[in-house]
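Just below is one structure, and these are the notes that go with it.
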Number of protein chains: 2
Amino acid sequence: MDDLAVRTEPAADADAAALRSAGLKVTRGRLAALRLLQRMPHSDAETIHRHAVTDEPTLSVQSMHNVLTDLTRAGLLRRIEPERSAALYERRVGDNHHHVVCRACGKVADVDCVVGHAPCLAPSDAGGFAIDTAEVVFWGLCADCR
Amino acid sequence: MDDLAVRTEPAADADAAALRSAGLKVTRGRLAALRLLQRMPHSDAETIHRHAVTDEPTLSVQSMHNVLTDLTRAGLLRRIEPERSAALYERRVGDNHHHVVCRACGKVADVDCVVGHAPCLAPSDAGGFAIDTAEVVFWGLCADCR
DNA sequence: ACGTTATTCGTAATCACTCAAAACACCCGA
DNA sequence: TCGGGTGTTTTGAGTGATTACGAATAACGT
């Protein structure tokens with residue numbers, strides 16, 4: 001039984017610990033979201049839910065939205081919103097990496113800091129704004145689509 | 001009569017010419033959109049429509065969406081979609097400038113290429129992607145909000 | 001002016017997400 | 001072991017922005 005649990009959910013304990021240390025209760029829906037985003041980053045709420053229901057048939061789409069919002073607020077997930085697409089979620093948080101989106105198929109990939117130094121962040125305050133974050137999205141064609 | 005026309009719409013002829021050279025018919029709705037975005041860039045469809053109806057009372061919101069979509073496709077407008085906000089439109093096209101959004105009031109301002117050289121565009125192809133555009137959004141607080 | 005064609009209107013529908021209220025689950029102390 | 005209380009999920013309805021579509025209308029070339 002331990003064998004089974006370990007085999008199917010190797011990172012479940014780590015996920016549970018992460019939830020607890022964020023002050024959130026460990027629930028099946030939250031574990032499912034974390035587990036699925038491990039294997040398929042840059043997924044939207046509907047996709048995550050579709051895969052989650054095979055394990056948790058009672059999980060509603062609204063609950064999944066709820067879970068994702070909570071986990072994002074808790075800093076366990078990062079939410080990105082490419083133009084013309086639904087919000088996507090990923091587990092990589094804390095580093096300021098960027099994303100590249102395929103114009104043709106919509107596929108998203110991570111892009112680490114592309115210029116040698118801090119990524120495109122202007123420390124100067126442009127037009128009186130006190131800038132704290134730079135958000136960069138690259139657009140192009142993925143290997144499959146060109 | 002000429003006086004009146006010139007006084008109220010100094011750039012109307014230029015706008016009409018731009019529409020024609022883009023292969024689009026010159027209609028009141030399109031002129032209104034272009035005229036309003038001249039004075040208030042970074043506006044969303046609803047705002048543009050609200051101002052447009054004082055001149056063009058019959059213009060529907062749906063037509064405004066239609067107009068903005070057409071003009072964007074024709075390259076006369078640029079559409080930006082900051083997270084958690086409706087799509088905004090502006091007339092500055094052709095140069096790849098960026099934007100800074102106020103976290104508090106949502107105000108948007110233009111930011112010209114912030115680093116000396118080409119703005120944050122990595123010529124290398126990251127992860128097999130052929131990148132053609134870099135889109136940068138800065139977040140911070142505007143002068144009024146801090 | 002006339003006919004062709006593009007554009008707009010009005011209604012309906014969609015999509016992604018939010019909100020509110022009720023049902024539920026789990027931990028704590030009595 | 002039994003209740004409470006807090007936090008989570010469900011259910012269902014509702015919102016805001018945008019798109020679809022067929023019919024009506026307006027621009028443009030001739």
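As the structure is a prediction and not an experimental result, all values here were calculated from the model. Convention: sequence-line order gives letters A, B, ...; per-chain numbering from 1.
Across the protein-nucleic acid pair, B:Leu68 atom CG and C:dT7 atom P stand 14 Å apart, rounded to whole Å. Between A:His49 atom NE2 and D:dT9 atom C1' the separation is 12 Å, expressed in whole Å. The separation between A:Asn66 atom CG and C:dA22 atom P is 18 Å, rounded to whole Å. In this structure, A:Met64 places its CE atom 15 Å from P of C:dT18, rounding to the nearest Å. A:Leu59 has its CG atom 11 Å from the C1' atom of D:dT8, to the nearest Å.
The side chain to side chain donor-acceptor pair (under 3.5 Å) check on A:Asp95 picks up A:Arg92, A:His97, with sequence neighbours excluded. Every residue two or more places apart in sequence or in another chain that forms a side-chain contact (heavy atoms from CB on, under 4.5 Å) with B:Arg84 is listed here: A:Arg79, A:Glu81. Contacts of B:His65 classified as ring pair (Phe, Tyr, Trp, His ring centres under 6.0 Å), with partners at least two apart in sequence or in another chain: none.
Residue pairs meeting the salt bridge (Lys or Arg N to Asp or Glu O under 4.0 Å) criterion with at least one member in residues 61-76 of chain A, sequence neighbours excluded: A:Arg30-A:Asp70. Applying the ring-ring contact (aromatic ring centres under 6.0 Å, His included) test to residues at least two apart or on different chains, the pairs with a partner in residues 22-50 of chain B are B:His42-B:His99.
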Annotated protein contacts, base or backbone, on nucleotides 22-30 of chain D with a non-hydrogen cut-off under 4.0 Å, one of B, S, - each: -----BS--
Contact state string [nucleotides 11-18 of chain D, B base, S sugar-phosphate only, - no protein heavy atom under 4.0 Å]: BBB---SB
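Two residues, B:Asp70 and A:Thr69, neighbour DNA chain C, and the one matched to the more 5' nucleotide by heavy-atom proximity is B:Asp70.
Clustering of Ile, Leu, Val, Met, Phe, Trp and Tyr side chains at separations under 4.5 Å leaves B:Leu141 isolated, with no partner residue. Under a 4.5 Å side-chain heavy-atom cut-off, the cluster of Ile, Leu, Val, Met, Phe, Trp and Tyr residues that includes A:Ile80 is completed by A:Leu88, A:Val101, A:Val108, A:Val137, A:Trp139.
In this model, no donor atom of one side chain and acceptor atom of the other lie less than 3.5 Å apart for A:Asn66 and A:Ser63.
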